[in-house]
Structures are given as structure tokens and as C-alpha cells.
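Written below as C-alpha cells is the structure these notes are about.
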Amino acid sequence: MAIVGGGASGTLLAVHLLRSARGPLHVALVERSARVGLGLAYSTTSPCHLLNVPAARMGAFADDPEHFLRWVRRELPDTAPGAFISRQRYGRYLESVLREARAQAAPGVHLEVVTRDVASVEETDDGTVRVALASGGQVEARTVVLALGNAPPSNPRVPDGGLYASRRYHRSPWAKDALRGVSAADDVLLIGTGLTMVDTVLSLVEQGHQGDIHALSRHGLLPHVHQETLQAGAAAYASPGIREALRALRQEVRRERGDVSAAGTRPAPVRIRAILHLLRREVRRAAEAGADWRMVVDALRPVTTPLWRRLPVDEQQRFLRHLRAYWDVHRHRMAPGIGETVERLRREGRLTLQAARIQGFALEAAGVEVRVRRRGQGGEEALRVQHVINCTGPEGAMTRGHPVLCGLVETGRARSDALGMGLATDADGALLDAGGRASGRLYTLGPPRRGELWETTAVPEIRGQARALAGHLLQRLTSTRAPSPVMEAAGAPLGG
């Protein structure tokens, strides 16, 4: 078996395979960087980049969410359950979890780390999958899981006037030396106002930046902040379980149709408006108990994917067009300390947020002219900065952002989901080909399933997927007794 991608998704899957396998199994974990478990999210070296989920909920195992908290307390005994730990430390945690799983694996269960970049993935006629490596050689396995994480951001589709090829444009703040060349006094435009923008602001401040920072997005919304302490009404608010939430949703749907009878009624399509009614009702209930909307958003998290999958595609598209930005700032929140830093920078006038659209760029001798149109206004304005940093987050259509996925779609071995956000899969994560069939040899988890599951980019969701997929794959391997991967590079075995 081979796993392509050694970020959080690939690492958690490898951990569950190593912990659960009882018979012969060889797992090849193919990762371009020298360290597994980090990916883009946890490869940061900045201590100011924090997790946006409290430590007590970030364990690698769904049945033991406090596993990470106990690990942190080995070095920091006074760590509170609600503490927001650095992402750098969390990357070290994932590395340690993989090392432990590797050391404690059953006899005959092995992990080999292949430090190479992947050029393509191809199903062969002999029942195997060939993973071609960019540096030459290949990995062959009966089953391959694509744990590719998020695609890099795409360039704004506006006239760039040569900006994108210049040193004044930084396509991704997560690239190596991404902020090199930004001087302390330079004015900067950040495209996007979400958590990626917040991290970039922190990085600029950390390196001594003193210039003006302009952040711009279509809505100009800033992520909300987690609460520092547990609310007084937390115990009084009883959140609905999945059955109760779905029952309430059905009642909302019938009410909208004007049909109050439950019996003998054909189920009506679920609409976004009904979900909004459910959400607002729960916010009112929480407020009456002395809590606020944060508890509702967090409590409904396990219900989000079932609700999403019950929406027709046109309703999902309506959500993405009109409500996604509002959901994101409520769902993906900042740690309290980071929120204080951002507010201080805004009060000092060093950070300015705008709700606007970019109309185009023009390179000038001293920097970049950015033509923008503010939300609700007709005319254009010119903003002049020395650097433009793309903080829009992952490419919306993953098959455009990942050459490996693009190749699979072009050959018909995979297809995009109905929204064009990721890959079409079956319930177990097996890729569907152009005809809608699952070969059972190619799988994925995490961000590539975003269009079908929606909540699939954070550790609490990915760890559940990893456990379920590991169980499914081991069951299949037990019945087929698949051989170990064959790894070659210019006629010589690959090292780990």
C-alpha cells in the first residue's frame, strides 16, 4: 500500500494502519519534504502561529481527543485544556505519534518513508497502481491513497500587468522564504481577510515590519475570536444530537412547504433557508441559557456533514455564493491572543480591512498600482503598495491546483465532484472514474473530499476519516492478500 502525501492526512492514515494491522503489511509513505506530519499547516517555524482549536480537542485519535493535551503537558505541565498551542509544536506531536506507531507495529507491519516528489499516478492493466517519482523511479502498490492536502492558491483572474512574474508578487505566504524582499517600511496588500491573512500579518510583524498593511476581500470579513474561558451557560445549553437536528430540519422543511403533517408526505428537498432557521433557533436557545453562538457552531459540527450531504447541488452552490464567507468567519476562529494582536494593529492604523474587488494591477517603478472597486460602489480607486501577497487560501478547484489530480481526471481515472471543488468518491473515499465507477485501487481523504463532505479540512474530521479508511483498507487487504509495494529508482531500491 502507498500513501501519497505525508502531511496531517497521510500521517494520521499511516498511524491508524500501523496501529490496527495484525498481518503482513508494507506501507510506503511518499512525501516530498524531509519530515512527515507537517504539511503546509504545521511546517511553520514561527511560534506566533497558533492552532485555532483548543489543545483538548486536537488529539490524533477520535476516541481520545485529549491525547495531544497529555503530550504537551510532558513539557508544559500547566497547559490548560483550552490553551491554543503553536502549530510548530503540533507538527512535532504528529511526528512523535507516527514514530510510536511505527515502533509498536505488529511483526511484519512496516512503514517506509520515500522522500520524493510525485509526478503522476497511473492505474495499470495488471491490477496495480504506479506512482511515478519526479526524480526518476516509481512506487507500485495494489492500493494508493492520495493524501494531498490543500492545493496552493490561484492567482486572481484579473489583468496583472506583469505583476505575477515579478518579485513584488508572493503567490503563497506558505512558500519557502515567501516574505523575502518585503522591507520593514514597505506597504503591503494582502488579498484575503481570513486566517491565512491573519497568519501573514503575524509573520510580517515578527520580522519587524512597520509599513501599512491593507487586507482586502469581497466581504471584508475578519474571523471571529474564540472565547478565553468557558461560558457560564455552557452546561445549561443542551445541543441537539444528529437525530434531533435532522428531525428539526425536517420540521422546518415541512413548515416552509406549508405541510404540517408528517405522515404520508414525500420528503421535500432540504433548503439552505431551513438550515438557517434551525441555526438561528439554536442560537436563541443558547442565549436563553446564558451561552452564545460559538457554542451552537461548535455543537453542530458533527451534524454539518450530514446536513451538507442532504442539500441538493443547487442549494450547495447557493450556500457557496452567498453564505460561505459568513460561515467561515464564525466556524474558523482566531485564538484570543491573536485576536488581541490583530485588533491592536487595527487601532494603530497599521492594518486596514476593505470589502472590495480587485480590478487589475499595474507595475510601477516604485511598486504596484492596484485598481479596486469597493463593495457597494461603482467607481474604481487606486491603491499603491510595494508588495502583493496572495492570502486567498487553497485553490477552489483542486484538480487545477494539483497536477497529479489533473492527470487522473484527464485520463478518466477520476472525476471532479458535482461542485468542482474536489474529487468524486464513494462512501469509503474510493475515487470514482469518469463513468462513476470505483476501482477500489485509488482512494483519498481530507481536503479532496471537501465538495462532498464540506467539513473535511481540520484534524477533528480528518482523524475520523483516517480511522475509517484504515479499517476499510485493512479489511480489503486481508481478503485479497495484496503484495508489498515494489519500489525502484534507476534500478536501485529507494531509501526510507
Side-chain angles (χ1 to χ4, degrees), residues 150-151 218-219 239-283 296-297 299-332 393-400 405 409 412 414-438 444-458 461 464-465 468:
N150 286 306
R218 187 162 62 98
H219 294 87
S239 61
I242 184 169
R243 291 183 179 178
E244 292 79 5
L246 294 178
R247 186 181 302 115
L249 182 61
R250 286 193 293 270
Q251 292 172 352
E252 289 286 353
V253 171
R254 289 197 297 270
R255 186 185 63 78
E256 285 194 352
R257 293 197 318 168
D259 181 5
V260 296
S261 172
T265 303
R266 184 177 181 179
V270 176
R271 302 296 180 190
I272 279 292
R273 185 163 54 185
I275 294 179
L276 281 176
H277 288 161
L278 171 63
L279 188 60
R280 287 167 178 159
R281 188 199 72 182
E282 289 304 312
V283 169
V296 176
V297 171
L300 290 178
R301 187 167 178 174
V303 189
T304 303
T305 292
L307 292 181
W308 178 259
R309 301 190 79 168
R310 283 166 171 78
L311 289 171
V313 172
D314 62 333
E315 287 294 298
Q316 293 175 342
Q317 292 170 332
R318 184 171 290 113
F319 169 85
L320 294 174
R321 284 195 306 270
H322 302 295
L323 297 175
R324 179 178 183 174
Y326 299 97
W327 170 258
D328 284 347
V329 298
H330 287 81
R331 167 67 179 80
H332 304 288
E395 160 71 61
M398 291 196 68
T399 54
R400 285 201 303 261
L405 300 186
V409 171
R415 70 177 188 182
S416 297
D417 58 53
L419 297 172
M421 298 176 67
L423 296 173
T425 63
D426 69 6
D428 297 311
L431 269 57
L432 303 183
D433 64 16
R437 299 175 296 271
T444 192
L445 78 164
R449 301 191 70 187
R450 181 176 54 194
E452 296 188 333
L453 303 181
W454 184 241
E455 288 287 354
T456 183
T457 59
E461 283 73 40
Q465 288 184 39

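The chain is numbered in sequence order, starting from 1. All values derive from a computational prediction rather than experimental measurement.
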Checking side chain to side chain contact (heavy atoms under 4.5 Å, CB included) for the pair Val296/His330: CA distance, chi angles, key distance, verdict?
CA-CA 10 Å; Val296 176; His330 287 81; over 6 Å; no
List the steps and the verdict of side chain to side chain contact (heavy atoms under 4.5 Å, CB included) for Leu419 and Val313.
CA-CA 7 Å; Leu419 297 172; Val313 172; 3.9 Å; yes
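Under the side-chain contact (heavy atoms from CB on, under 4.5 Å) criterion, Thr456 pairs with Arg449, Arg450, Leu453, Gln465, sequence neighbours left out. The salt bridge (Lys or Arg N to Asp or Glu O under 4.0 Å) check on Asp426 picks up nothing, with sequence neighbours excluded. Residues forming a side-chain contact (heavy atoms from CB on, under 4.5 Å) with Asp433 (at least two apart in sequence, or on another chain): Arg437.
Scanning both residues, Arg301 and Ala458, for their nearest heavy atoms gives NH2-CB, 3.4 Å. Residues Asp417 and Gly422 approach most closely at OD2-N, 2.6 Å, considering heavy atoms. Of all the heavy atoms in Ala430 and Ala438, the pair that sits closest is CB-CB, 4.0 Å. Closest of all the heavy-atom pairs between Thr304 and Glu455 is CG2-CG, 3.4 Å.
Here Leu279 contributes atom CG and Arg281 contributes atom CZ; the two are 10.5 Å apart, rounded to the nearest 0.5 Å. Taken to the nearest 0.5 Å, the CG atom of Leu423 stands 11.5 Å off from the CG atom of Leu445. To the nearest 0.5 angstrom, His219 atom NE2 is 9.0 Å from His322 atom NE2. Distance check, rounded to the nearest 0.5 Å: CD of Gln316 to CG of Leu311 gives 5.5 Å. Here the OG1-CG distance, from Thr444 to Asp428, works out to 13.0 Å after rounding to the nearest 0.5 Å.
Asp314 places a side-chain heavy atom less than 4.5 Å from the side chain of Arg271. A 4.5 Å side-chain heavy-atom check between Leu276 and Leu323 finds at least one atom pair inside the cut-off.
Between Trp308 and Trp454, the two ring planes are parallel [angle under 30°; tilted spans 30° to 60°].
With hydrogens and angles ignored, the 3.5 Å screen pairs a side-chain donor or acceptor of Glu452 with a backbone N or O of Thr425.
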